[in-house]
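Single-structure report; data block below.
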Amino acid sequence: MNTLNTDLFIRPLESLFFGAPKPFNAGESHHARSEFPPSPMTMQGIIRSQLLRAATPPLDLDDWSPAARKERADLVGDSDRLPQGWQLKGPLPATIQKNAQGETSLYPWAPAPRFLYRVSDRQQRIVHGEIFPTDHPACNDLTSDPSGAATGALLFGPSPEWQGARPLTGWVDSQTLLQVLSGNRTPLPAEAALALPHFVRNDQRQPGIALDRKSNTGQDGMLYLLEHLRFRPESGLWANFSGSLAERIGQDALQRGIGAAGRKGRLVAMEEPPPLATAWRDLLSGRHLGGDAGGSLFWLYLLTPARLDGETGSGGLPPFGRVRLRWEIIPTGVTVRCRAALTGPPITLGGMDTARGRSRPNYTYLPPGSAWLLEIIANDAALVRETLENLNNTHPLGDPEEARFGFGHTLVGIGPNAQGEKYL
């Protein structure tokens with residue numbers, strides 16, 4: 001077995017379209033816009049297909065006999081489960097750039113944290129929200145616990161002086177995210193967040209027409225338009241793979257060759273990326289974290305979707321903003337209270353199970369950029385450090401079976417009152 005922990009760079013060679021998990025019938029639906037970015041479930045399909053194409057001796061990927069299906073499953077798992085020990089991260093949009101020293105690096109972009117707000121003035125500045133103590137239990141996305149007791153929630157939002165402020169949406173670069181999660185509360189300029197990263201456009205409109213199945217000719221009134229994603233040169237998607245591969249699959253299988261992605265299997269280049277930007281490495285390693293040893297407020301910030309779940313936490317803890325938190329990763333002797341949940345509008349994800357030739361179930365997820373304000377209390381600073389390590393750059397939210405596909409990926413940021421010595 002070959003054990004890998006490697007970053008991936010997937011560079012589109014054509015415009016891409018990732019469809020929503022709902023029917024698209026020409027004549028009823030005349031227009032559709034690609035999802036961006038593709039979901040972790042789409043990314044795992046790209047990765048596993050590339051691994052199968054790289055196997056030696058070659059596999060017949062058009063053979064759907066029971067024996068061929070089992071052979072493929074033995075190498076890359078089945079549609080619902082990855083092989084033991086596999087972990088995927090991403091995808092996130094990324095671009096290759098040179099820094100001030102002339103060094104080439106890969107710069108991932110991330111969804112804008114929802115604890116930031118854009119002010120509706122001429123400058124359109126981006127400001128941090130503030131805490132307003134309140135006795136009301138439902139002043140944010142948290143609810144009460146099963147006993148009906150209030151969760152001690154806080155009203156978190158823009159200061160009253162910021163008229164017309166609204167939660168930030170869009171995308172921020174690695175350096176901006178590092179500044180925000182490091183606890184720097186300086187207002188950001190309007191251009192710090194973009195609706196799409198500057199290297200991606202969704203204006204590649206491609207017309208189509210539904211065909212009559214018998215005559216293979218166009219049908220009247222069945223024209224449609226699809227808005228594809230177009231990436232600039234030297235840009236694409238970042239992901240990370242860790243796990244053990246069978247000897248039949250080379251260690252460079254995910255960093256060479258041509259793959260397929262999106263509708264009609266558009267071509268993408270699987271390339272070895274340059275080193276990750278320093279800001280992104282600092283975020284993943286947790287160097288940006290700090291806080292008061294006796295306990296403090298920290299943001300748990302979501303990079304990839306997390307499935308909604310109505311269950312509550314164990315030990316009488318309150319619901320965690322409608323998603324499941326793996327409470328077993330919280331060390332004994334540490335108290336974690338979720339004081340605020342700032343989540344965006346839910347999204348629906350599903351798609352096709354190509355290996356089985358059927359649709360996947362549709363589930364509802366909280367979107368990337370959602371954030372939870374956590375109060376971490378412990379008498380020992382080492383326990384706080386351990387808690388932060390267990391929450392930063394891990395997958396503690398949502399369905400545990402989906403975590404290894406890349407869902408529920410989180411980073412930790414310094415909260416409104418956290419300051420002091422470094423933890424990680």
Side-chain angles (χ1 to χ4, degrees), residues 5 7 85 87 89 108 110 113 115 128 131 142 151-152 154 156 174-185 240 242 276-304 306 313-318 320-321 323-342 368 370-398 400 403-404 406-424:
N5 186 344
D7 291 307
Q87 177 64 62
K89 294 180 180 178
F115 54 82
H128 291 250
I131 293 175
L142 291 182
T151 64
L154 299 174
F156 191 90
S174 303
Q175 189 60 49
T176 299
L177 184 63
L178 177 64
Q179 175 182 338
V180 170
L181 295 186
S182 296
N184 187 333
R185 296 176 60 81
N240 179 274
S242 61
L276 290 175
T278 301
W280 191 249
R281 293 201 307 268
D282 287 348
L283 286 166
L284 297 184
S285 66
R287 292 181 185 176
H288 61 292
L289 293 175
D292 185 280
S296 193
L297 295 179
F298 295 89
W299 288 112
L300 188 64
Y301 154 77
L302 187 62
L303 281 169
T304 57
S314 60
L317 293 168
F320 196 74
V323 292
R324 180 188 301 177
L325 173 70
R326 291 194 294 115
W327 291 103
E328 65 270 16
I329 68 175
I330 305 301
T332 302
V334 176
T335 299
V336 176
R337 300 177 64 198
C338 187
R339 304 301 305 276
L342 308 175
S370 298
W372 293 262
L373 188 61
L374 305 184
E375 184 178 8
I376 300 177
I377 303 172
N379 294 326
D380 186 348
L383 289 176
V384 179
R385 283 197 299 271
E386 183 180 350
T387 304
L388 298 179
E389 290 171 351
N390 291 349
L391 293 172
N392 190 71
N393 191 26
T394 57
H395 300 74
L397 295 180
R404 291 195 291 139
F407 287 93
H409 189 188
T410 59
L411 296 175
V412 177
I414 299 174
N417 73 336
Q419 55 187 336
E421 65 178 356
K422 292 294 181 182
Y423 273 149
L424 298 180

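These values consider heavy atoms only, across backbone and side chains, with no hydrogens, waters or symmetry-generated copies. Starting from 1, each residue takes its place in the sequence as its number.
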Do [X] and [Y] come close enough that some side-chain heavy atom pair is under 4.5 Å?
X      : Y      : result
Pro416 : His128 : no
Leu181 : Val412 : no
Leu303 : Lys89  : no
Trp372 : Val323 : yes
Leu391 : Val336 : no
Thr387 : Leu374 : no
Trp299 : Leu342 : yes

Please report the closest heavy-atom contact between [X] and [Y], naming both atoms and the distance.
X      : Y      : answer
Ala378 : Val334 : CB-CG2, 4.0 Å
Ile329 : Pro396 : CD1-CB, 3.6 Å
Pro113 : Val180 : CG-CG1, 4.5 Å
Leu397 : Ala306 : CB-CB, 4.1 Å
Gly408 : Thr304 : N-OG1, 3.2 Å
Ile414 : Ser182 : CD1-O, 3.0 Å

Rounded to the nearest 0.5 Å, how far apart are [atom1] of [X] and [atom2] of [Y]?
X      : Y      : atom1 : atom2 : answer
Arg287 : Leu178 : CZ    : CG    : 10.5 Å
Leu383 : Ile377 : CG    : CD1   : 13.0 Å
Ile376 : Ser296 : CD1   : OG    : 8.5 Å
Gln87  : Thr394 : CD    : OG1   : 9.0 Å
Asn392 : Phe298 : CG    : CZ    : 11.0 Å
Leu284 : His409 : CG    : NE2   : 6.0 Å

Keeping [X] on the side-chain end and [Y] on the backbone end, is there a donor-acceptor pair under 3.5 Å?
X      : Y      : answer
Arg281 : Leu276 : yes
Thr410 : Tyr301 : no
Asn5   : Asn240 : no

Return the set of residues passing side-chain contact (heavy atoms from CB on, under 4.5 Å) with Ala403 (not counting sequence neighbours), or none when no residue passes. His395
For Arg404, all residues meeting salt bridge (charged side-chain N to carboxylate O under 4.0 Å, His left out), sequence neighbours excluded: none
